[in-house]
Number of protein chains: 2
Amino acid sequence: MSLTEKVDKRAHILSVAEQLFAENGFDGTSVRDIAQLANVNLAMISYYFGSKEKLLEALVEDRAGYTLGVIEELNKNQTLTPWDKIDKLVEFYIEKIMNNYRFHCILSQTYNQAKSSPIKELIISIKMRNLEEIKKVIADGQRKKLFAKVDVELTMASVFGTLTQVVNSANLYSRLMKIDETDDATYRKKMSARLKTHLQQMLRAHLDIKNEE
Amino acid sequence: MSLTEKVDKRAHILSVAEQLFAENGFDGTSVRDIAQLANVNLAMISYYFGSKEKLLEALVEDRAGYTLGVIEELNKNQTLTPWDKIDKLVEFYIEKIMNNYRFHCILSQTYNQAKSSPIKELIISIKMRNLEEIKKVIADGQRKKLFAKVDVELTMASVFGTLTQVVNSANLYSRLMKIDETDDATYRKKMSARLKTHLQQMLRAHLDIKNEE
DNA sequence: GTTTAATTTAAACGTTTGTTTAATTTTGGG
DNA sequence: CCCAAAATTAAACAAACGTTTAAATTAAAC
């Protein structure tokens, strides 16, 4: 038994579940799959979490995060310009998504489901709060006559859409960019650098009031 | 029995399967669910398609389309400027995705799956060819000194990411934009107009060589 | 009208699913 | 050392799954 398993079996199961849910989907993963890969007895999952559904809830609660606080602090900051804040936001989200790409896949799957569930509602409400907070950053830039009157919601959709696209369709984009897709780690590293340049440049051009037509 | 069912039972099953796969995922939909909603006997699905997997294949073959031809024709066109072509591409994809949003959800799900399958490979290869063709449009604009030296792949990722985000997370964005989410049709209509303006403006600013730093 | 093929049906097939049980082992405080 | 609580186990549970069967019905051809 490895060290990580000994330290906290519950956390180990969560980690394995995260991997399998991301790779094969919630419905595409059986509790037996999780138990086997985690090297624990099947019944341990019910013992720790109660049910498969509650295992997912536990995962979301464990991973969902501190993001809102980071954006709020950014908003309060008086010394940074709106341009600086945009750059910081881009950097923050690239790092966040690249470090949690598995969890991000699960989130995408979950709030795309039609049937509503407590988990889905939780995820959406968290995401909503974060987006409302980011809106303020852009609104501030517009008030200060730095940013153009862009479609704020769709501008955010473009940023998150780009990130989601690159992470969730790594298969496609690694091939398209001729990056070795067998090594996930280098893909994400190379991609992080390119994403930062691309998103910052695109937003600079898109938001700049001087480019407004 | 409605008219459409009478005309072609096979097509009716495909349509119902498309809806359920989009709403609940492939693994989240049972063949019994499909049979019940389509008002056909359970065994008819095996009879027509052979298996659940082959039903999905049949769906992809039926819906996957004529897109490549459209882009190729656009590329050949000598009278349109690269700027015109970008606008046309945006309009084309918005309409395509909004008219086939259910199928688009299924595609997203499928090529996000880790385990490779013939269907997944088919989808990726089609998408690859289309993206390679779009690359040419941008490359042409760059050759003619109209477009800046942007990250072509990530620029495409931004466009498709925006569309995917808006369609797959309609739940989130309809709420964020305070659009009535109960009426899917009006959501997609309003969103189409906003998407067109947003994407065209953003690409205009992003691609314009005059905004290059 | 008879016959052959295509379609449709209800029932059953064997697996796999999530979950629970009841017995066993391990753990830690008195 | 003992013993109650916690952790772990193998086995079993009923329900749902994708698929197949064999009989019944409908359609088409001659």
Side-chain angles (χ1 to χ4, degrees), chain A residues 1-60 106 109-110 113-115 117-120, chain B residues 1-60 106 109-110 113-115 117-120:
Chain A
M1 202 186 273
S2 82
L3 197 96
T4 47
E5 292 172 57
K6 264 178 155 179
V7 170
D8 191 351
K9 204 169 210 171
R10 204 189 110 104
H12 178 60
I13 294 174
L14 274 181
S15 166
V16 169
E18 181 180 38
Q19 181 192 334
L20 289 178
F21 287 161
E23 285 176 0
N24 309 317
F26 179 78
D27 291 314
T29 304
S30 73
V31 293
R32 279 172 181 80
D33 292 337
I34 300 170
Q36 190 173 21
L37 190 62
N39 254 310
V40 299
N41 187 279
L42 172 62
M44 292 312 294
I45 287 164
S46 290
Y47 180 75
Y48 276 122
F49 303 99
S51 70
K52 186 186 174 188
E53 196 90 16
K54 283 182 184 165
L55 165 60
L56 177 59
E57 282 184 50
L59 185 62
V60 172
I106 298 173
Q109 291 168 27
T110 307
Q113 295 279 314
K115 59 166 181 277
S117 61
I119 317 165
K120 187 185 157 191
Chain B
M1 203 186 272
S2 82
L3 198 95
T4 47
E5 291 173 57
K6 265 178 153 177
V7 170
D8 191 351
K9 204 168 210 171
R10 205 188 108 103
H12 178 61
I13 294 174
L14 275 182
S15 166
V16 169
E18 181 180 38
Q19 182 194 332
L20 289 178
F21 287 161
E23 286 176 1
N24 309 317
F26 180 77
D27 291 314
T29 305
S30 73
V31 292
R32 280 172 180 82
D33 292 337
I34 300 170
Q36 190 173 20
L37 190 62
N39 255 309
V40 299
N41 187 280
L42 173 63
M44 294 309 295
I45 287 165
S46 289
Y47 180 74
Y48 276 123
F49 303 98
S51 69
K52 187 187 173 187
E53 195 91 16
K54 283 182 184 166
L55 166 60
L56 178 58
E57 281 185 50
L59 185 63
V60 172
I106 298 173
Q109 290 168 27
T110 306
Q113 295 279 314
K115 59 166 181 276
S117 61
I119 318 165
K120 186 186 157 189

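Naming convention: chains lettered A, B, ... in sequence-line order (proteins, then strands); numbering from 1 in each chain. Atoms considered below: every heavy atom in the structure, side chains included; atoms not considered: hydrogens, waters and symmetry mates.
Neither OP1 nor OP2 of dA7(D) sits under 4.0 Å from any side-chain N or O of Asn41(A). Side-chain N/O atoms of Tyr48(A) include one lying less than 4.0 angstrom from OP1 or OP2 on dT8(D). Ser30(B) has no side-chain polar atom (N or O) that falls below the 4.0 Å cut-off from OP1 or OP2 of dA16(D). Taking 4.0 angstrom as the limit, Lys52(A) places none of its side-chain polar atoms (N or O) nearer than this to OP1 or OP2 of dT17(C).
Distance CD (Gln36(B)) to P (dT9(C)): 14 Å, rounded to an integer number of Å. With rounding to whole Å, Leu42(B) atom CG is found 15 Å from dC13(C) atom P. Separating the CD1 atom of Ile13(A) from the C1' atom of dG18(C) is a distance of 15 Å, rounded to the nearest angstrom. Rounded to whole Å, the distance from CD1 on Ile34(A) to P on dT17(C) is 11 Å. If you measure from atom NZ of Lys9(A) to atom C1' of dT9(D), you get 10 Å, rounded to the nearest angstrom. One can place OH of Tyr47(B) at 18 Å from P of dA24(D), the figure rounded to the nearest angstrom. Put simply, CE on Met44(A) is 16 Å from P on dT21(C), counting in whole angstrom units. The distance between atom CG of Leu20(B) and atom P of dC17(D), rounded to the nearest whole Å, is 12 Å.
Across all strands shown, dA5(C) forms a Watson-Crick or G-U wobble pair, both distances under 3.5 Å, with dT26(D). Judged by Watson-Crick or G-U wobble contacts below 3.5 Å, the nucleotide dT27(C) has dA4(D) as its partner.
No engagement by Phe49(B) is indicated, since no non-hydrogen atom pair under 4.0 Å with the nucleic acid exists. Within the 4.0 angstrom heavy-atom criterion, no nucleotide atom of any strand lies near Ile45(A).
Using a distance-only test at 3.5 Å, with no hydrogens or angles considered, a donor-acceptor pair links the side chain of Gln109(A) to the main chain of Phe21(A). No side-chain donor-acceptor contact under 3.5 Å links Glu57(A) to the backbone of Pro118(A). Checked by atom type and distance alone, the side chain of Lys52(B) never pairs as donor or acceptor with a backbone atom of Ile45(B) at under 3.5 Å.
Heavy-atom nearest nucleotides on DNA chain C were determined for Ser46(A) and for Asp33(A), and the one closer to the 5' end corresponds to Asp33(A).
Between Val40(B) and Val16(B), the closest side-chain pair of non-hydrogen atoms is not below 4.5 Å. The shortest distance between side-chain heavy atoms of Phe49(A) and Ile13(A) falls below 4.5 Å.
Distances were taken from every side-chain heavy atom of Ala43(B) (C-beta onward) to each of dG18(D), dT21(D), dA10(D); the shortest belongs to dT21(D).
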